Amino acid sequence: MNWLEKINCAYCSYGNGLMAYGREVVALTEKYWCPIKHARRRMQAHAHYHGFADYGDAENYRAELARLREELRQISAKEAAPPA
């Protein structure tokens, strides 16, 4: 690659990484605050979406909310733990 192609490659790599990071932040925020599947099917749902409560299932929503928040707490605790 020439120098211009290398710059373009670095820019593209940075941009894709930044967008992936942003998508993960938004996905985890949605998982914590509003884990409800949308009324219409989503074309490209994030990895956390499959565990959300079904749209219109108010009875199950509170239990799912507590379960998903506990999952997030466990992930946080695992990441904060010192390596063995």
Side-chain angles (χ1 to χ4, degrees):
M1 288 195 291
N2 64 33
W3 65 271
L4 183 58
E5 291 170 335
K6 288 179 183 179
I7 290 172
N8 288 337
C9 188
Y11 175 76
C12 187
S13 177
Y14 173 77
N16 282 315
L18 185 63
M19 291 300 116
Y21 175 76
R23 181 178 170 129
E24 186 66 14
V25 167
V26 171
L28 290 174
T29 302
E30 182 181 19
K31 184 175 183 174
Y32 186 83
W33 290 108
C34 189
I36 300 171
K37 291 180 183 172
H38 296 265
R40 295 185 197 170
R41 187 173 179 178
R42 296 188 61 170
M43 298 272 294
Q44 295 181 349
H46 52 76
H48 306 283
Y49 189 75
H50 69 280
F52 287 9
D54 290 329
Y55 180 81
D57 188 5
E59 296 171 7
N60 191 31
Y61 170 70
R62 294 287 175 208
E64 289 296 309
L65 181 63
R67 182 184 64 78
L68 290 169
R69 286 186 176 176
E70 183 57 33
E71 276 181 22
L72 288 171
R73 282 189 198 96
Q74 290 174 0
I75 290 169
S76 271
K78 197 180 294 183
E79 289 175 355

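What you are looking at is a predicted structure, and each value in this text was computed from that prediction instead of being measured.
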Quiz item: When clusters are formed from ILVMFWY side-chain contacts under 4.5 Å, directly or step by step, what else is grouped with Val26?
Solution: none

Exercise. Keeping to residues at least two apart or across chains, list the side-chain hydrogen bond (donor to acceptor under 3.5 Å, both in side chains) pairs with something in residues 34-54.
Key: Glu24-His48, Glu30-His46, Lys37-Asp54, His38-Arg42

Exercise. Kindly give the cluster partners of Leu28, where membership spreads through any ILVMFWY side chain lying under 4.5 Å from a current member.
Key: Tyr32, Trp33, Leu72

Quiz item: Which side-chain hydrogen bond (donor to acceptor under 3.5 Å, both in side chains) pairs, counting each pair once, include a residue from residues 7-17, with sequence neighbours left out?
Solution: none

Exercise. Please report the closest heavy-atom contact between Gly51 and Leu68, naming both atoms and the distance.
Key: O-CD1, 3.8 Å

Self-check item: From Glu70 atom CD to Ile75 atom CD1, the distance as rounded to the nearest 0.5 Å
Solution: 10.5 Å

Self-check item: Pairs involving residues 58-69, ordered by first then second residue, that meet salt bridge (charged side-chain N to carboxylate O under 4.0 Å, His left out) (sequence neighbours left out)
Solution: Glu64-Arg67, Arg67-Glu71

Quiz item: Between atom CZ of Phe52 and atom CG of Asp57, what is the distance when rounded to the nearest 0.5 Å?
Solution: 14.5 Å

Quiz item: Of all residues at least two apart in sequence or in a different chain, which pass the salt bridge (Lys or Arg N to Asp or Glu O under 4.0 Å) check with Glu5?
Solution: none

